[in-house]
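Worksheet: one structure, shown below.
Nothing fancy with the numbering, it's 1 onward along the sequence.
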Amino acid sequence: MHPAFAVGLVFAGCCSNVIFLELLARYYAVMVTMFFTVSVVNNYALNLNIAMPLHMIFRSGSLIASMILGIIILKKRYSVFKYTSIALVSVGIFVCTFMSAKQVTSQPSMSENDGFQAFAWWLLGIGALTFALLMSARMGIFQETLYKQFGKHSKEALFYNHALPLPGFLFLASDIYEHAVLFSKSELYQVPVIGVTVPIMWFYLLMNVITQYVCIRGVFILTTECTSLTVTLVVTLRKFVSLIFSILYFQNPFTLWHWLGTLFVFTGTLMYTEVWNHLGATKSPPPKEDKEN
């Protein structure tokens with residue numbers, strides 16, 4: 001082979017490779033930035049007087065954000081049935097948010113000034129959740145277009161979404177260090193089976209990381225292997241189970257109005273996915289063809 005031909009292959013192949021790699025990296029940089037922002041804002045909202053049940057219910061309003069941005073960005077149009085389901089979700093979130101606001105401002109141990117300050121922080125938390133909800137919906141639309149253009153690769157997306165944001169946590173280094181010190185001062189706990197004694201908060205963190213990996217890995221696999229209906233249904237049911245567990249185990253305050261709002265949210269979500277029609281189509285057998293004599 002002539003050396004000039006080999007040199008041409010090097011320049012043509014490597015230069016074009018860099019171009020396509022930069023294109024892919026640019027798309028992932030946008031998605032990773034949105035993913036990192038949504039994750040940090042959602043977690044930080046818990047420091048702003050946002051109770052965990054309200055946090056889960058509010059995040060269940062992702063359908064509303066997805067529909068609004070779908071209409072604006074993708075120029076989509078929906079049926080009256082879907083608009084009705086989104087209205088139910090909106091009413092449910094409003095009821096839960098309104099009742100949670102009353103609980104924040106009506107605590108008997110607070111003075112009037114403290115109550116106003118707590119309510120102001122709560123409003124900031126609601127603003128953070130709203131921003132994260134819209135950003136998450138925008139990320140979903142961007143991810144959908146990315147998958148259509150380059151195909152669905154769950155392991156690749158899982159790696160880039162979690163590995164590339166790691167340098168961003170340098171901006172939170174002081175906060176992470178402060179909590180690491182608090183974790184190390186927590187009571188000791190002997191881990192079953194292996195018998196190692198560690199501060200209990202580090203054990204909780206380790207278990208959270210493991211279970212979070214299992215959860216997010218399952219979600220990424222679902223997005224590539226199942227229909228969007230199945231993904232939405234599974235995630236919705238997961239949120240409902242988490243909500244019930246949070247209320248019963250941690251004794252979080254939850255009134256009858258909260259239950260009514262929760263019912264609206266999950267009913268609206270199931271209506272939007274048209275799960276009943278899907279289940280009916282699955283159960284009904286295909287029509288038998290008439291046999292010719």
Side-chain angles (χ1 to χ4, degrees), residues 27-74 76 86-105 116-146 157 160-162 164-176 179 212 215-216 219 223 231-232 235-236 238-239 242-243 246 258 261-262 264-265 268-269 272:
Y27 286 123
Y28 269 117
V30 174
M31 189 167 68
V32 164
T33 301
M34 290 190 287
F35 180 79
F36 177 78
T37 304
V38 169
S39 299
V40 171
V41 172
N42 268 327
N43 288 329
Y44 194 78
L46 294 172
N47 292 333
L48 302 174
N49 285 340
I50 300 296
M52 182 58 76
L54 177 61
H55 192 278
M56 287 186 285
I57 294 170
F58 208 94
R59 291 180 65 184
S60 298
S62 56
L63 288 176
I64 305 173
S66 297
M67 174 176 278
I68 293 174
L69 293 184
I71 294 173
I72 297 174
I73 299 174
L74 301 179
K76 288 185 176 181
I86 291 301
L88 271 178
V89 174
S90 304
V91 170
I93 291 178
F94 174 79
V95 169
C96 290
T97 305
F98 181 74
M99 296 309 298
S100 297
K102 290 182 65 177
Q103 289 179 349
V104 170
T105 57
F116 176 78
Q117 187 176 7
F119 181 69
W121 282 112
W122 179 86
L123 281 179
L124 187 60
I126 293 297
L129 286 178
T130 303
F131 169 79
L133 197 66
L134 293 172
M135 179 67 76
S136 178
R138 182 65 184 90
M139 182 179 69
I141 293 175
F142 183 80
Q143 200 170 21
E144 181 181 343
T145 56
L146 200 65
Y160 280 120
N161 276 345
H162 290 81
L164 294 183
L166 289 178
F169 287 100
L170 291 174
F171 297 102
L172 306 172
S174 59
D175 190 50
I176 294 173
H179 283 80
Q212 178 67 15
C215 175
I216 200 68
V219 171
T223 57
V231 175
T232 305
V235 173
T236 301
R238 195 277 305 167
K239 289 178 181 178
S242 299
L243 178 65
S246 174
H258 286 95
T262 303
F264 281 168
V265 168
T269 302
Y272 183 88

Test of understanding: with ring-ring contact (aromatic ring centres under 6.0 Å, His included), list the residues that count as partners of Phe264, not counting sequence neighbours. none

First locate atom CG of Asn47, then atom CG of Asp175, and finally report the distance between them rounded to the nearest 0.5 Å. 7.5 Å

Mark yes or no for whether Thr33, through its side chain, and Ala29, through its backbone, hold a donor-acceptor pair below 3.5 Å. yes

Please tell me if the side chains of Thr37 and Met139 come closer than 4.5 Å, counting only heavy atoms from C-beta onward. no

Note: Gly268 and Leu88 closest approach over all heavy atoms is CA-CB, 4.0 Å

For residues Leu69 and Ala137, report the shortest heavy-atom separation together with the two atoms involved. CD1-CB, 3.7 Å

Atom OH of residue position Tyr44 - does it have more than 12 heavy atoms of other residues, nucleotides or ligands inside 6.0 Å? no

Closest non-hydrogen contact found for Ala132 with Val38 is O-CG2, 3.9 Å

Minimal non-hydrogen separation, Ile176 against Phe169, with atom names: CD1-O, 3.8 Å

Among Asn42, Leu48, Leu124, whose side-chain contact (heavy atoms from CB on, under 4.5 Å) with Leu129 holds? Asn42

Shortest non-hydrogen contact from Lys76 toward Ile71: O-CG1, 3.6 Å

Gly125 to Ala45 - nearest heavy-atom pair and separation: O-CB, 4.2 Å

